[in-house]
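Some notes on the structure that comes next.
Residue numbers begin at 1 in each chain, while the letters A, B, ... track the order of the sequences.
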There are 2 protein chains.
Amino acid sequence: MSGRVAPAPGRAVMPGLELARYLPYRLSVASNKASGLIARAYQARFGLTIWEWRVVAVLGSGHAMTAQAICEATAMDKVTVSRALRALNERSLVRRRTSPQDKRASLVSLTPDGQAVYEEIAPLALEWERSLLEGFSDEEKAVLGELLERLSVRADILAQGEDELP
Amino acid sequence: MSGRVAPAPGRAVMPGLELARYLPYRLSVASNKASGLIARAYQARFGLTIWEWRVVAVLGSGHAMTAQAICEATAMDKVTVSRALRALNERSLVRRRTSPQDKRASLVSLTPDGQAVYEEIAPLALEWERSLLEGFSDEEKAVLGELLERLSVRADILAQGEDELP
DNA sequence: CCAAATTAGTTGCAAATGATACTAATTTCC
DNA sequence: GGAAATTAGTATCATTTGCAACTAATTTGG
């Protein structure tokens, strides 16, 4: 058996709303599966949450950054970044120096330990990505990336206008 | 200014791990933006959480289902389904009858009020989806759906093997 | 046929998350 | 030059979530 489920007898057919075909739902399912997979791996092998990992990933470039810059680079909330930095700092994976230009802000960078963690995880992260995309052609990967990007842009645009509605 | 960020001077270049180009990250960002947008709308207009909405959506077919069947149809955890059903039941949007075949299980269906909610939201949900995908050709929509599906399948396969590793 | 194992669904508790408020430093602009 | 507004980051509190334990019903298999 396969295909669409028939509507209950005597009930009007509602055109087209079937959860399994609803894009925001499918996107959420795919994202949760992919993230969950990788998050479990970070957690099990390195004791890092997905947010801590994201912070490490952007600091892996070697540039010191403010928490604010990290927020932008990781699409994380400032509270989430603050908590991730506290945890990373307690484990001595990052260090924070008060910015000389702005004494409210700190410049955060990886410690040697943090850099070592980054260098150990980064190749694994790429390997997980590769496994996830096994069977995708280069073109398919590019198209997927592009479509996700356009979707994000659309969502941003719609979010702009949403509180102006009736 | 645009383009890739240069590595810090004197630092080895780690090939290819740039968060903004990392697929699981991009997927998560796109999904969160899309879901957040729609979740806020459900919440603001109908007082439904995204999980309550998902349950309503699958029950909208008119078929009575067990909580277990709802779990499968919505990709939700049984605890989450249980809580969503309790909330919907308190608002008299669903009703539960003990299954005659299995007295542990209930058969859940929408009440007339629940059906009315479904019929009011379903077209809006489709409209939000349409807005989100504005500018996407039919083929692009199809490709996106197909790629997400393949990604989910891959993630399931990888999740199978993950606790067999060293 | 009955003890052991499994399944449906709920509950309780601990951890994660999000919104808000707060402190301290900086910028704006009159 | 300084009061008012803004920004960086943290802390607090309420809600949400996830896990594990639990009850009750059913299935298995000896």
Donor-acceptor pair under 3.5 Å, B/Arg83 side chain vs D/dG18 base: yes
Distance in angstrom units between [X] [atom1] and [N] [atom2], rounded:
{"X": "A/Leu48", "N": "C/dA16", "atom1": "CG", "atom2": "P", "answer": "13 Å"}
{"X": "A/Gln43", "N": "C/dA15", "atom1": "CD", "atom2": "P", "answer": "13 Å"}
{"X": "A/Gln101", "N": "C/dT27", "atom1": "CD", "atom2": "P", "answer": "10 Å"}
{"X": "B/Asp77", "N": "C/dG9", "atom1": "CG", "atom2": "P", "answer": "13 Å"}
{"X": "A/Arg86", "N": "C/dA16", "atom1": "CZ", "atom2": "C1'", "answer": "12 Å"}
{"X": "B/Glu72", "N": "C/dT7", "atom1": "CD", "atom2": "C1'", "answer": "12 Å"}
{"X": "A/Glu52", "N": "C/dA15", "atom1": "CD", "atom2": "P", "answer": "15 Å"}
{"X": "A/Gln68", "N": "C/dT27", "atom1": "CD", "atom2": "P", "answer": "14 Å"}

Between A/Ser28 and B/Arg54, is a side chain to side chain donor-acceptor pair (under 3.5 Å) present by the stated rule, with each step listed? CA-CA 12 Å; A/Ser28 165; B/Arg54 281 192 190 174; 3.0 Å; yes
Under 4.0 Å, counting only non-hydrogen atoms across every strand here, what does [X] touch: a base, just sugar-phosphate, or nothing?
{"X": "B/Lys78", "value": "base"}
{"X": "A/Thr66", "value": "sugar-phosphate"}
{"X": "A/Thr49", "value": "nothing"}

Nearest to side-chain heavy atoms of [X], which nucleotide of [options]:
{"X": "B/Asp102", "options": "C/dA8, C/dG18, C/dA25", "result": "C/dA8"}
{"X": "A/Lys103", "options": "C/dT11, C/dT7, C/dT26", "result": "C/dT26"}
{"X": "A/Ala105", "options": "D/dG9, C/dA8, D/dT26", "result": "D/dG9"}
{"X": "B/Val79", "options": "D/dA20, D/dG9, C/dT7", "result": "D/dA20"}

If the cut-off is 4.0 Å, is B/Arg96 near the phosphate of C/dT10, judged by side-chain N/O to OP1 or OP2? yes
Looking only at side-chain N and O atoms, does B/Ser82 come under 4.0 Å of OP1 or OP2 in C/dT10? yes
Counting N and O atoms only, with roles assigned by atom type, does the side chain of A/Thr74 sit under 3.5 Å from a partner on the main chain of A/Ile70, one being a donor and the other an acceptor? yes
How are the rings of A/Tyr42 and A/Trp128 set to each other: parallel, tilted or perpendicular (split at 30° and 60°)? perpendicular
Step-by-step side chain to side chain donor-acceptor pair (under 3.5 Å) determination, B/Ser99 to B/Gln101: CA-CA 5 Å; B/Ser99 165; B/Gln101 289 86 23; 3.3 Å; yes
Between A/Trp51 and A/Ser99, whichever has its closest DNA chain C nucleotide further toward 5' is A/Trp51
Check the pair B/Glu140, A/Arg150 against salt bridge (Lys or Arg N to Asp or Glu O under 4.0 Å), reporting the backbone distance first and the verdict last. CA-CA 11 Å; B/Glu140 285 170 335; A/Arg150 282 166 60 191; 2.9 Å; yes
